[in-house]
Amino acid sequence: MDPMAAIRDTFFQECEEQLAELETGLLAMEAGDLDPELINGVFRAVHSIKGGAGAFNLEALVRFAHVFETALDELRAGRLAPRPEIIKLLLRATDVLADHVRAARDGAEADTEHSQAMIEELRTLGPEGADDGQAADEIDGLDFQPIALQPEPAVARSAWTVFFRPRADLYAKANESARLLRELASLGATLTTLDAAALPDLDALDAEATYLAWTIELATEADEATIRAVFEFVDGDCELEVTSAGADSPQAAPDLDIAALIAKAQSQAATPVDTAPAISEARRAPVAAPAPSSAPEQPAGPAAGGTIRVDLERVDRLIDLVGELVINQAMLSQRVMEAGLTRVSGVAMGLDELEQLTREIQDSVMAIRAQPVKSVFQRMPRLVREVAAQTGKAVRLVTEGETTEVDKTVIERLADPLTHMIRNAIDHGLESPARREAAGKAAEGVVRLAAAHRSGRVVIEVGDDGGGIDRVRVKQIAADRGLIAADAPLSDDEIDNLIFLPGFSTASEVSDISGRGVGMDVVRRSIQALGGRISIASRPGQGSTFTLSLPLTLAVLDGMVVSVEGQTLVAPITAIVETLQPKAQDVHALGGGAQVINIRETYVPLIDVGQALGYRRQPLAAGAGVALLIEGEGGARAALLVDAIQGQRQVVIKSLEANYRQVPGVAAATILGDGRVALILDLDTIVAVSRGDQRKAG
């Protein structure tokens with residue numbers, strides 16, 4: 001394996017993290033948070049990307065990041081006011097920087113014309129743009145007053161001595177001493193002396209150790225804090241001493257010493273220095289111990305509470321093995337039961353301990369796979385900016401619950417559905433600024449993206465404060481396209497759900513955003529493929545909210561194993577409130593063969609699972625079987641009637657659709673301890689089917 005390729009991959013992974021931090025910081029500033037540390041964090045993100053890109057000779061990326069960094073430095077120094085228009089410009093620059101990173105990662109070229117245009121805009125914000133005396137009004141109407149052009153009073157230079165000795169960790173993190181020395185030299189005239197006394201003979205050389213140190217005499221207008229800032233990103237990974245030279249006060253260094261230093265530095269730059277004799281002499285001398293450091297030594301291993309990067313294939317393999325372990329543990333338990341061993345026997349007790357250990361391993365592995373939905377949510381601000389610019393609408397994205405954790409396989413497949421939904425929310429949901437103001441609303445529309453855990457599932461909502469669904473128009477379009485009968489009596493909910501029909505679109509013309517009839521039907525199929533459901537709530541004039549309900553994981557679940565007409569089924573235990581034995585006097589028949597059951601003075605629908613799935617034509621007799629009281633997403637309850645309960649068990653989820661086909665009322669399948677395949681029930685769909693609510697069942 002090429003070590004440089006591995007380092008390069010790590011660099012681009014860190015770039016994604018830095019870009020996310022950059023965008024998050026700018027959005028916080030746009031919301032009014034002007035904490036200096038936040039602004040410094042934004043600056044450091046771009047600075048880190050530039051530094052890493054320089055190590056790999058990514059010239060286009062370095063060039064753009066440098067201009068971007070310069071503009072942010074003006075913001076950090078307080079010379080540039082963080083006005084909303086300026087923050088919007090910096091957000092657009094973040095998008096261009098992300099394009100440069102991806103182009104460099106893929107070995108492609110970024111859009112040169114677009115990049116150069118952004119560079120020109122950014123330069124107008126920095127000191128280079130201030131020199132021409134032009135106001136920043138030329139940039140999207142920015143109200144920025146350029147720096148005055150009066151000559152600055154001369155600032156006396158100060159002399160400093162900087163001692164720098166890198167540790168091995170500095171190089172392990174892909175930093176480079178030469179770049180630090182060059183950046184230090186950019187502050188003023190320098191005279192650098194190499195200390196190679198610790199360099200051993202070649203046969204004793206450790207490739208991962210550090211032996212060199214440098215002493216730099218520096219004449220500069222900068223203060224000590226600015227000098228130390230050069231080494232900010234290697235703090236703790238090197239020995240660093242910064243002292244004033246020739247005076248008690250850093251600002252009081254004699255001009256004579258500084259002039260001599262500058263002359264000496266210029267002479268050194270003009271005359272090549274042969275360091276070979278010094279190094280040769282150092283090889284013959286005994287190896288000197290490194291100079292003592294004022295900072296405590298860093299531990300060789302990773303710091304407590306740190307993180308490591310692991311290939312996702314290894315995690316997936318671990319999940320598969322845990323799934324097999326769960327299945328084998330269930331099989332062993334089954335064999336023990338068939339052998340008639342009592343629960344107090346040593347074998348049975350050992351199996352109980354194995355079951356507990358297996359569950360702990362499974363929980364730990366699932367925690368490794370769990371990721372916050374923030375990784376998906378962070379992609380959406382750029383999408384909102386681009387679609388808003390295309391439609392000419394003012395849009396603000398509000399996100400909630402970004403720390404909600406979901407299995408990584410669910411997260412990976414969420415990006416496309418959410419992209420479709422947010423595009424539709426902006427293009428179809430939100431009105432134009434003029435129409436919003438005419439309706440008494442703010443010109444800026446709001447799109448809300450939220451996530452939360454609920455009833456053992458993750459619920460994601462995409463909402464807008466637009467005009468809501470135009471039900472008259474939706475019904476007319478569906479009738480014109482032959483999707484429904486023109487005189488079909490439909491409820492508001494049924495009309496809303498017409499937008500999920502294949503080929504349905506309310507767009508009057510095809511555009512890059514919508515109008516090709518491949519929108520919400522694709523979203524629904526994608527969500528169903530994840531074992532989830534999608535629902536709509538819309539109020540005319542107030543907006544619409546799409547709710548996605550998804551399983552927390554696609555790997556394992558805790559289930560209640562039940563029997564129905566000789567078949568073994570599994571009901572997800574997270575939706576079960578309680579189990580009860582129905583009494584004949586509590587069951588009441590309704591019209592159309594429906595039944596309800598009285599549970600503590602409350603009537604809830606009683607649904608025969610065997611009849612709903614087609615296992616039998618006639619329902620169980622009143623009072624027979626066992627009822628599972630379940631609670632759906634909206635809080636509505638229903639009782640599912642099964643023949644018997646076999647017990648509670650942790651099962652491994654296997655996709656039924658991928659191996660067979662989609663079956664209404666069935667979410668997935670699993671392998672039982674005896675090797676048989678059992679179906680995992682989709683409880684909400686079974687309830688919907690029993691009520692004739694085909695829009696939820698589909």
Side-chain angles (χ1 to χ4, degrees), residues 4 7-26 29 37-77 79-80 86-87 89-112 114-129 166 170-187 222 226-235 237-238 382:
M4 287 306 297
I7 295 175
R8 183 184 174 93
D9 290 342
T10 300
F11 163 67
F12 285 116
Q13 290 173 6
E14 292 177 348
C15 279
E16 294 296 329
E17 296 170 2
Q18 298 290 351
L19 287 170
E21 181 180 348
L22 171 62
E23 185 169 45
T24 300
L26 289 174
M29 292 169 62
E37 185 54 37
L38 177 66
I39 299 174
N40 286 335
V42 167
F43 173 84
R44 285 195 298 268
V46 179
H47 183 74
S48 297
I49 292 175
K50 185 187 84 168
F56 292 102
N57 296 320
L58 304 175
E59 296 181 2
L61 177 55
V62 171
R63 183 166 56 252
F64 183 84
H66 175 71
V67 178
F68 194 0
E69 177 189 53
T70 302
L72 290 173
D73 192 41
E74 293 295 299
L75 194 68
R76 184 176 66 158
R79 294 187 291 268
L80 180 63
I86 292 177
I87 301 301
L89 173 59
L90 296 178
L91 282 168
R92 290 195 289 117
T94 300
D95 297 339
V96 177
L97 181 63
D99 290 339
H100 273 285
V101 170
R102 295 186 183 99
R105 180 192 60 198
D106 300 336
E109 291 187 5
D111 187 339
T112 305
H114 184 45
S115 176
Q116 187 59 39
M118 180 56 64
I119 285 176
E120 296 303 322
E121 291 188 76
L122 289 173
R123 280 178 173 164
T124 312
L125 299 182
E128 296 90 345
L170 183 143
Y171 299 117
K173 296 176 182 177
N175 292 300
E176 184 183 350
S177 295
R179 292 188 59 80
L180 296 170
L181 296 175
R182 285 197 296 269
E183 190 165 350
L184 188 64
S186 68
L187 298 180
T226 303
I227 297 172
R228 289 187 177 275
V230 171
F231 302 89
E232 179 179 9
F233 294 99
V234 295
D235 185 29
D237 295 331
C238 68
R382 176 175 186 174

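All of these numbers come straight from a predicted model, not from anything done at the bench.
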Asks: For Ala65 and Val46, which heavy atoms make the closest approach, and how far apart are they?
Replies: O-CG1, 3.5 Å

Asks: Taking all non-hydrogen atoms of both residues, which atom of Leu61 and which atom of Ala53 are closest, and how far apart?
Replies: CD2-CB, 3.5 Å

Asks: Kindly confirm or rule out a cation-pi arrangement of Arg76 over Phe43, judged by NZ or CZ under 6.0 Å from the six-membered ring centre and within 45° of its axis?
Replies: yes

Asks: If I take atom CG from residue Asp237 and atom CZ from residue Phe231, how far apart are they, to the nearest 0.5 angstrom?
Replies: 13.0 Å

Asks: Taking atom CD of Glu109 as the centre, does the number of heavy atoms from other residues, nucleotides or ligands within less than 6.0 Å exceed 12?
Replies: no

Asks: Between side-chain atoms of residues 93-101 and protein atoms elsewhere (two or more places apart, or another chain), which donor-acceptor pairs fall under 3.5 Å?
Replies:
from	atom 1	to	atom 2	distance (Å)
Thr94	OG1	Leu90	O	2.9
Asp95	OD1	Arg385	NH2	2.6
Asp95	OD2	Arg385	NE	3.3
Asp95	OD2	Arg385	NH2	3.2
Asp99	OD1	Arg382	NH1	3.1
Asp99	OD1	Arg382	NH2	2.8
Asp99	OD2	Arg382	NH2	2.9
His100	NE2	Ser115	OG	2.7

Asks: What's the spacing between Ile49 CD1 and Glu16 CD if we round to 0.5 Å?
Replies: 8.5 Å

Asks: Leu38 and Met29: which non-hydrogen atoms are nearest, and at how many Å?
Replies: CD2-CG, 3.7 Å

Asks: Between Pro166 and Ser177, which heavy-atom pair has the shortest distance, and what is it?
Replies: CG-OG, 3.7 Å

Asks: Would you mind reporting whether His47 and Asn40 have side-chain heavy atoms less than 4.5 Å apart?
Replies: no

Asks: Please walk me through it: do Arg8 and Leu58 pass side chain to side chain contact (heavy atoms under 4.5 Å, CB included)?
Replies: CA-CA 11 Å; Arg8 183 184 174 93; Leu58 304 175; 4.2 Å; yes

Asks: What's the separation between atom CG in Leu22 and atom CG in Leu91, rounded to the nearest 0.5 Å?
Replies: 8.0 Å

Asks: Between the side chain of Thr24 and the main-chain N/O of Glu21, is any donor-acceptor distance below 3.5 Å?
Replies: no

Asks: Do we see a donor-acceptor contact under 3.5 Å between the side chains of Gln116 and Glu120?
Replies: yes

Asks: Evaluate the criterion side chain to side chain contact (heavy atoms under 4.5 Å, CB included) for residue pair Phe64 and Lys50; output intermediate values, then yes/no.
Replies: CA-CA 9 Å; Phe64 183 84; Lys50 185 187 84 168; over 6 Å; no

Asks: With rounding to the nearest 0.5 Å, note down the distance linking CG in Leu181 to CD in Glu176.
Replies: 9.5 Å

Asks: Looking only at heavy atoms, which two atoms of Ile87 and Leu26 are closest? And how far apart?
Replies: CG2-O, 3.5 Å

Asks: Counting C-beta onward and ignoring hydrogens, is there a side-chain heavy-atom pair between Leu89 and Met118 closer than 4.5 Å?
Replies: yes

Asks: Could you walk me through whether Arg92 and Glu121 pass side chain to side chain contact (heavy atoms under 4.5 Å, CB included), step by step?
Replies: CA-CA 11 Å; Arg92 290 195 289 117; Glu121 291 188 76; 3.2 Å; yes

Asks: Supply the atom-to-atom distance Leu80 CG to Asp73 CG, rounded to the nearest 0.5 angstrom.
Replies: 10.5 Å

Asks: What pair of heavy atoms forms the shortest contact from Val62 to Gly54, and how long is it?
Replies: CG2-N, 3.4 Å

Asks: Does the distance from a Lys or Arg side-chain N to an Asp or Glu carboxylate O, for Arg44 and Glu232, drop under 4.0 Å?
Replies: yes

Asks: Using 0.5 Å steps for rounding, measure from the CG atom of Leu72 to the CD1 atom of Ile39.
Replies: 9.5 Å

